[in-house]
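The structure under discussion appears below in the form of structure tokens.
What you see below is based on every heavy atom in this structure, not just the backbone, and it leaves out hydrogens, waters and symmetry mates. Reminder, nothing fancy here: chain letters follow the sequence lines and each chain counts from 1. Everything numeric here is computed off the predicted structure, so don't read it as measured data.
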Number of protein chains: 2
Amino acid sequence: MNLKQLSHMLSLSQTTVSRALNGYPEVNEETRRRVMDAAKRHGYRPNPSARRLATGKSGMIGYVLPTGAAVDIDPHFVEFLSGLGDYARAHELDLVLSPADADDEETTYRRIVANRQVDAVYLSSPRPADKRLALVNTLGIPFIVHGRSEGFDFDYPYLDIDNEGAFHEAARLLIQLGHKRLALINGNERETFAIHRERGMRRALAASGLTLGERHIRSVTMTEENGHRAARRLLEEAEPPTAIVCSSLIMALGVVRAVRDLGLTIPGDLSLVAHDDVFPWLRPENFPVPLSTTRSSIRLAGARVAERLAARISGLEEGPRGEVWPVDLVVRGSVAGAPV
Amino acid sequence: MNLKQLSHMLSLSQTTVSRALNGYPEVNEETRRRVMDAAKRHGYRPNPSARRLATGKSGMIGYVLPTGAAVDIDPHFVEFLSGLGDYARAHELDLVLSPADADDEETTYRRIVANRQVDAVYLSSPRPADKRLALVNTLGIPFIVHGRSEGFDFDYPYLDIDNEGAFHEAARLLIQLGHKRLALINGNERETFAIHRERGMRRALAASGLTLGERHIRSVTMTEENGHRAARRLLEEAEPPTAIVCSSLIMALGVVRAVRDLGLTIPGDLSLVAHDDVFPWLRPENFPVPLSTTRSSIRLAGARVAERLAARISGLEEGPRGEVWPVDLVVRGSVAGAPV
DNA sequence: CAAGGCAGCCAAAGCGCTTTGGAAGTCTCT
DNA sequence: AGAGACTTCCAAAGCGCTTTGGCTGCCTTG
């Protein structure tokens, strides 16, 4: 059943039927009802390919997925996707994942824009002066960044959490508990979120005349193994930290293991705080010692990004609007006063 | 730059240019070269929307993503995706994720098929007599199942690992080590993979005159918390198992925690084997006691599924071909002889 | 040398929608 | 009553590709 047939049964022109269906004003309400009715009755659904060709709109949002033998997709991605899907489902938006060589995402961005494959895209894990961001900005496709970049002379729309604030608060708590030697096990130091977290922590330390020594900060990709290794190094130093702030729950698993390896205890010998993106399958309250966290649901972020992308596509949202979500600091058993 | 312009510069008809580019035989090799050359020089890329409308092919593969507030996407998904992306990238295939209400995926399948949004789809986590499988089979879109179903009177193309064989081997090893009371912490019992795993284990037990008691098998969604809870229940029974086989590494984390809670040790009091889908961020060799596993890279499976989907789209693969991958049994420190 | 075959090209008809540029018909106002 | 302004609808022209059906001109073949 296509438009031609439908309009023929109604003895109307394709124009009128099309307009009736798409809510254009120049059609009689009575006629519109008739059309709508017939469309529903016959299960008419406009052919998206044809509509795409005519309008250039695809009804899909895009994400360029860096891939490669040495590239691991962040496990957070799946939770973000859950949220995105929650919203997208209700609006019949599909998501197109375009796998790209991690060393050359540009080609892929250009392709999907040139081909008008998607109406909007989102970027994640941005870095300062991120090339993708600059590219997408000049290409003129609607987009939203999940996270933030730095060092651009233009503004852009983003959704980020207050990483700096979160880690500032976490460090401040630890300092108030008497800790003087703090350490940070961070994510990839080239990504903005990691920079912000470090910044927040340094700010809190500076406020008390403390510093974060070079050896007390590790930047690694967020695996259990890396968390373990980083923690071991930290704890085996001459003057080990008495508190660690850690950028992910997965790494925190490794930290806990390292602490055990060394016969130490949490929070007796070491206080630990980690950032929690809220995974259903790994919860901080279930750690051997319930883990204090800075918490922000990445799933909700996914839903919000989808919502804003949809708004941008339909012109409801415009301009470089930034949105920063506060982060909860949830105190559980893994923190205590500094050992004497 | 579109076909019209290109053909005009070449003083050829659109027909000929189109055919030259698409490798049809009825065009002179000399002419083809000229066309190819000009196309490359001017960076001509056929408009996919137009091509879609004309051919009905989209150059994309689809996946219906069950979503909902109560639905969690399996963290394995992201690794599978890595593999899929690896292959797809090299072939300029995009993946369309269509979020669907987890209670009504059928509508979405029908939509993407009716709209010809994708050339092929894959299904995952099938159940016996899975409705999606039957649906997709009648809808006539090329597809591949990642996993297997049961109870159909037709065959279908799939890629699965030998879950039964893997768990058979794991159980057999434990039995040989003298264990008599084995337990299974399985995934969702309604999914085929879980059924196969249980079957494999029962078969190994039966071969030695042993059985898997009702209370010695738990089926839960694969979270750390559920692994912990299941293990505690098992271990607190009057006659606790001396060996546990567990369907995922994430659950194994919880098992290890439970063992510690109770002041027991691995492998002294309990032998443990888990299935490992090979995550980069959580590795069995890094468990407090290195974990024995049945191992199969879900990432490779993703790449293979993409490859076979591509083959089906282009007609290189046909018919209901099933493919079952063997699973490695990797023995590490977490298994030992049964305690006396 | 006529008939037939074939290689190589083309014009035009789709694919199914949106949108432009009217054209009727109806109202309002002077 | 006639001009102007709406309202409501339509025919047809895209969007950019693929594909059908056919037309040339050249080469074989008997």
Side-chain angles (χ1 to χ4, degrees), chain A residues 1-36 38-39 42-60 92 111-119 313-315, chain B residues 1-36 38-39 42-60 92 111-119 313-315:
Chain A
M1 164 72 36
N2 58 22
L3 187 61
K4 196 172 185 174
Q5 295 168 34
L6 185 64
S7 57
H8 193 256
M9 342 190 63
L10 286 162
S11 302
L12 285 171
S13 72
Q14 296 190 35
T15 311
T16 305
V17 176
S18 169
R19 287 187 163 150
L21 259 25
N22 293 327
Y24 280 68
E26 58 262 77
V27 45
N28 193 314
E29 274 311 317
E30 160 66 18
T31 310
R32 189 192 305 280
R33 227 184 320 276
R34 264 182 62 218
V35 172
M36 294 284 225
H42 295 84
Y44 168 74
R45 309 267 307 181
N47 178 320
S49 301
R51 170 175 277 178
R52 270 174 81 145
L53 181 58
T55 64
K57 301 249 146 192
S58 66
M60 311 205 266
E92 280 206 8
R111 171 171 66 84
I112 64 177
V113 171
N115 289 350
R116 299 175 152 286
Q117 283 188 221
V118 295
D119 297 338
I313 290 172
S314 55
Chain B
M1 165 73 35
N2 58 21
L3 187 62
K4 196 172 186 176
Q5 295 168 33
L6 185 64
S7 58
H8 193 255
M9 341 190 62
L10 287 163
S11 300
L12 285 171
S13 73
Q14 295 190 36
T15 310
T16 304
V17 176
S18 170
R19 287 188 163 149
L21 259 24
N22 294 328
Y24 281 67
E26 57 262 78
V27 45
N28 191 315
E29 273 311 317
E30 160 65 17
T31 310
R32 188 192 304 279
R33 228 185 318 275
R34 265 181 62 217
V35 172
M36 293 284 224
H42 295 84
Y44 168 75
R45 310 264 308 179
N47 177 320
S49 300
R51 171 174 278 178
R52 272 174 80 146
L53 181 58
T55 64
K57 301 247 145 194
S58 67
M60 312 205 264
E92 281 206 6
R111 171 171 65 84
I112 65 177
V113 170
N115 289 351
R116 300 174 154 285
Q117 283 188 217
V118 295
D119 297 337
I313 290 172
S314 56

Scoring nucleotides 15-21 of chain C by protein non-hydrogen atoms under 4.0 Å (B base, S sugar-phosphate only, - none) yields BBBBBBB
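Counted by atom type alone, A:Asn28 and A:Glu30 present zero donor-acceptor pairs between their side chains at under 3.5 Å.
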Verdict with reasoning, B:Asp119 to B:Met60, per side chain to side chain contact (heavy atoms under 4.5 Å, CB included): CA-CA 6 Å; B:Asp119 297 337; B:Met60 312 205 264; over 6 Å; no
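Rounding to the nearest 0.5 Å gives a distance of 8.0 Å between CG of B:Leu10 and NE2 of B:His42.
In terms of heavy-atom proximity, A:Met1 sits nearest to A:Tyr44 at O-CD1, 3.4 Å.
In this structure, A:Arg33 atom CZ and D:dT8 atom P are separated by 12 Å, rounded to whole Å. For B:Asn28 and C:dC10, the CG to P distance is 12 Å, given to the nearest whole Å.
Between the side chain of B:Ser7 and the main chain of B:Leu3, a donor-acceptor pair closer than 3.5 Å is present.
No contact: B:Ser7 has no heavy atom under 4.0 Å from any strand.
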